[in-house]
Participant: 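Right, I'll just put the structure down here and ask away after.
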Amino acid sequence: MKNLFKKLFSTALIICSVLACAEKQRHEVKPISIDPEQKNRQMDELIVANQELEAGQFDKARELFESFKVRHEFSPLYQQAQLGQAKSLERLGQWSEAAALFRDMVEATRTTQPDIAGEALYQSSYCYEALGDEARVMFSLADALRLKESLRPEVALAEIPARVGASYNRMGRLPEAKKSLNEAEVGIQKLKSTMGEKISARELSRIYLQMGSLSTNQLSFESFQSGLDTLKAVQPFALRSIELNDPVYSQRALEGLKSNYRDLYLQIQQVPFNTSLDMGAAKREQMERKSNMSAGVLLAIQLLRQTTMPSNGQPADDGGPKMTTQLFDYLKDLELKLTSFLNSRG
């Protein structure tokens, strides 16, 4: 029996070694070269898929990227298609699946296509944030900065520092958070000054959207204060995106900020009882907690309103209301509910 066990164990080791080698070889397969005309046709396919992604048609984009990968397995553009597929999954809320694809990309492209590896690391931080894995958020961002020279300028100068600042804030490391957020502000101003008219309002709205994006997917009573403080720190970036009134990126920033405040409000409604106290004391403590949380959200709205640009009251170029009007109409309703609750307590 002992000899049989040894034989089985040895066989298992051999199989694991073979599989590991096969996996390594799979990742190290280099894309074959193709003629320029064929490559152009493939690039056109990816352009269409990326247009669907940017337009918010995430399911359609995912299908196009997956189809490309099946039909062009050894294309030099394969990893770009996988990047698009992972981004689509992240936008669809399939964070674990997207994170797995991003990890595969990093392993396959770190030395051969560092621009894709850096982008994958950066984008994976959004997945880990939504999953509540703060350690991996910071690791992904720090690892992306190791490939800084291959990153797009706006990512290295503004977007990653803003996300690092938000992560520090959630962890309660406020001095580091303030430093990183200041770096992000300096970075975006540097982009504006160096690129001038070359950077469009649409591109700015996209960059500010990324800088001000915050997941409250994992918000709880215990994390309420850190979530609120982090929102106060990054919401000016989201507001800058909204003010540019872009139909795609500003709209996403608007929905994101409304979702953040909606999640905060829901947490106020769900403050738990302290079961270690008698009913009367537990009720009083619950109301006190709700009052403090409500006051905190009202302060955050007030701070956001103070950061609006002077032109917010003007109509948009198409004659319709600015998205900032939509935002503050929503927040005004929220303010009324919270103020009414506080007034009811005297």
Participant: Which residue is it: Arg240, Arg202, Lys322? I am looking for the one with a salt bridge (charged side-chain N to carboxylate O under 4.0 Å, His left out) to Asp246.
Facilitator: Arg202
Participant: With no hydrogens and no angle check, is any side-chain donor or acceptor of Asn169 less than 3.5 Å from a backbone partner on Ala177?
Facilitator: no
Participant: Would you find more than 12 non-hydrogen atoms of other residues, nucleotides or ligands less than 6.0 Å from Lys39 atom NZ?
Facilitator: no
Participant: Side chains of Ser250 and Asn245: any donor to acceptor distance under 3.5 Å?
Facilitator: no
Participant: Do other residues, nucleotides or ligands put more than 12 heavy atoms under 6.0 Å from Phe58 CZ?
Facilitator: yes
Participant: With a 3.5 Å distance limit and no angle check, can you tell me whether Ser193 reaches the backbone of Gln189 through a side-chain donor-acceptor pair?
Facilitator: yes
Participant: Give the minimum heavy-atom separation between Arg170 and Ser226, together with the two atoms involved.
Facilitator: O-CB, 3.8 Å
Participant: If you look at every heavy atom in Ala130 and Asn217, which pair is closest and at what distance?
Facilitator: O-ND2, 2.8 Å
Participant: Could you tell me whether a side-chain N or O of Gln85 sits under 3.5 Å from a main-chain N or O of Phe65, the two making a donor and an acceptor?
Facilitator: no
Participant: Between Trp95 and Glu90, which heavy-atom pair has the shortest distance, and what is it?
Facilitator: NE1-O, 3.5 Å
Participant: Mind checking whether Phe68 and Leu46 have side chains closer than 4.5 Å, heavy atoms only?
Facilitator: yes
Participant: Of all the heavy-atom pairs spanning Leu53 and Gly84, show the shortest one and how long it is.
Facilitator: CD2-O, 4.3 Å
Participant: Would you say that Leu145 contacts Leu121 through its side chain, given a criterion of any heavy-atom pair below 4.5 Å between the two side chains?
Facilitator: no
Participant: Per the side-chain hydrogen bond (donor to acceptor under 3.5 Å, both in side chains) rule, what does the pair list look like for residues 288-302, sequence neighbours excluded?
Facilitator: Ser291-Arg345
Participant: Please answer whether the main-chain N or O of Ala282 pairs with a side-chain N or O of Asn274 as donor and acceptor at a distance below 3.5 Å.
Facilitator: no
Participant: Indicate the atoms forming the closest heavy-atom contact of Tyr78 with His72, along with that distance.
Facilitator: CD1-O, 3.5 Å
Participant: Does a side-chain heavy-atom distance below 4.5 Å link Gln326 with Met323?
Facilitator: yes
Participant: Treating Glu243 as the side-chain partner and Thr308 as the backbone partner, does any N or O pair qualify as donor plus acceptor under 3.5 Å?
Facilitator: no
Participant: Under the side chain to side chain contact (heavy atoms under 4.5 Å, CB included) test, which residues partner Asp59, sequence neighbours left out?
Facilitator: Arg62, Leu92
Participant: Under 3.5 Å, is there a donor-acceptor pair between the Gln225 and Asp229 side chains?
Facilitator: yes
Participant: Is a salt bridge present between Glu37 and Arg41, judged by a nitrogen-to-oxygen distance below 4.0 Å?
Facilitator: yes
Participant: Once rounded to the nearest 0.5 Å, what's the spacing between atom OG1 of Thr194 and atom CD1 of Ile199?
Facilitator: 8.0 Å
Participant: Would you say Tyr126's side chain and Gln210's backbone share a donor-acceptor pair under 3.5 angstrom?
Facilitator: yes
Participant: Evaluate salt bridge (charged side-chain N to carboxylate O under 4.0 Å, His left out) for Arg206 paired with Glu159, printing each intermediate quantity in order.
Facilitator: CA-CA 10 Å; Arg206 188 196 64 77; Glu159 295 178 27; 3.4 Å; yes
Participant: Are side-chain heavy atoms of Leu174 and Tyr168 found at a separation under 4.5 Å?
Facilitator: no
Participant: Any chance you could lay out the salt bridge (charged side-chain N to carboxylate O under 4.0 Å, His left out) test for Lys332 and Asp329, step after step, and finish with the verdict?
Facilitator: CA-CA 5 Å; Lys332 184 177 180 180; Asp329 282 347; over 6 Å; no
Participant: For Leu209, does its backbone N or O pair with a side-chain atom of Ser213 as donor and acceptor, under 3.5 Å?
Facilitator: no
Participant: Within a reach of under 6.0 Å around NZ of Lys60, are more than 12 heavy atoms found that belong to other residues, nucleotides or ligands?
Facilitator: no
Participant: To check you understand the geometry: which heavy-atom pair defines the closest contact between Arg110 and Ala117, and what is its length?
Facilitator: CA-CB, 3.7 Å
Participant: Can you tell if the side chain of Phe328 reaches within under 4.5 Å of the side chain of Leu304, non-hydrogen atoms only?
Facilitator: yes
Participant: How far apart are the C-alpha atoms of Lys87 and Glu119, what are their side-chain angles, what is the distance that settles it, and do they pass the salt bridge (charged side-chain N to carboxylate O under 4.0 Å, His left out) test?
Facilitator: CA-CA 10 Å; Lys87 286 181 179 180; Glu119 182 74 13; 3.5 Å; yes
Participant: Within the distance-only criterion (no hydrogens, no angle test), does the side chain of Ser241 pair as donor or acceptor with the backbone N or O of Ser205 below 3.5 angstrom?
Facilitator: yes
Participant: Quick one: does Phe102's side chain get under 4.5 Å of Leu89's, heavy atoms only?
Facilitator: no
Participant: To the nearest 0.5 angstrom, please state how far the CG atom of Leu264 sits from the OG1 atom of Thr216.
Facilitator: 6.5 Å
Participant: Are the side chains of Ile188 and Leu204 in touch, meaning some heavy atoms are under 4.5 Å apart?
Facilitator: yes
Participant: Would one find more than 12 heavy atoms of other residues, nucleotides or ligands at under 6.0 Å from atom CD of Glu149?
Facilitator: no
Participant: Please confirm whether the backbone N or O of Leu219 pairs with a side-chain atom of Ser223, one donor and one acceptor, at under 3.5 Å?
Facilitator: no
Participant: Does the side chain of Tyr208 reach to within under 4.5 Å of the side chain of Leu239, using non-hydrogen atoms?
Facilitator: no
Participant: Okay, side chain of Thr109, backbone of Pro114: is any donor-acceptor separation there less than 3.5 Å?
Facilitator: no
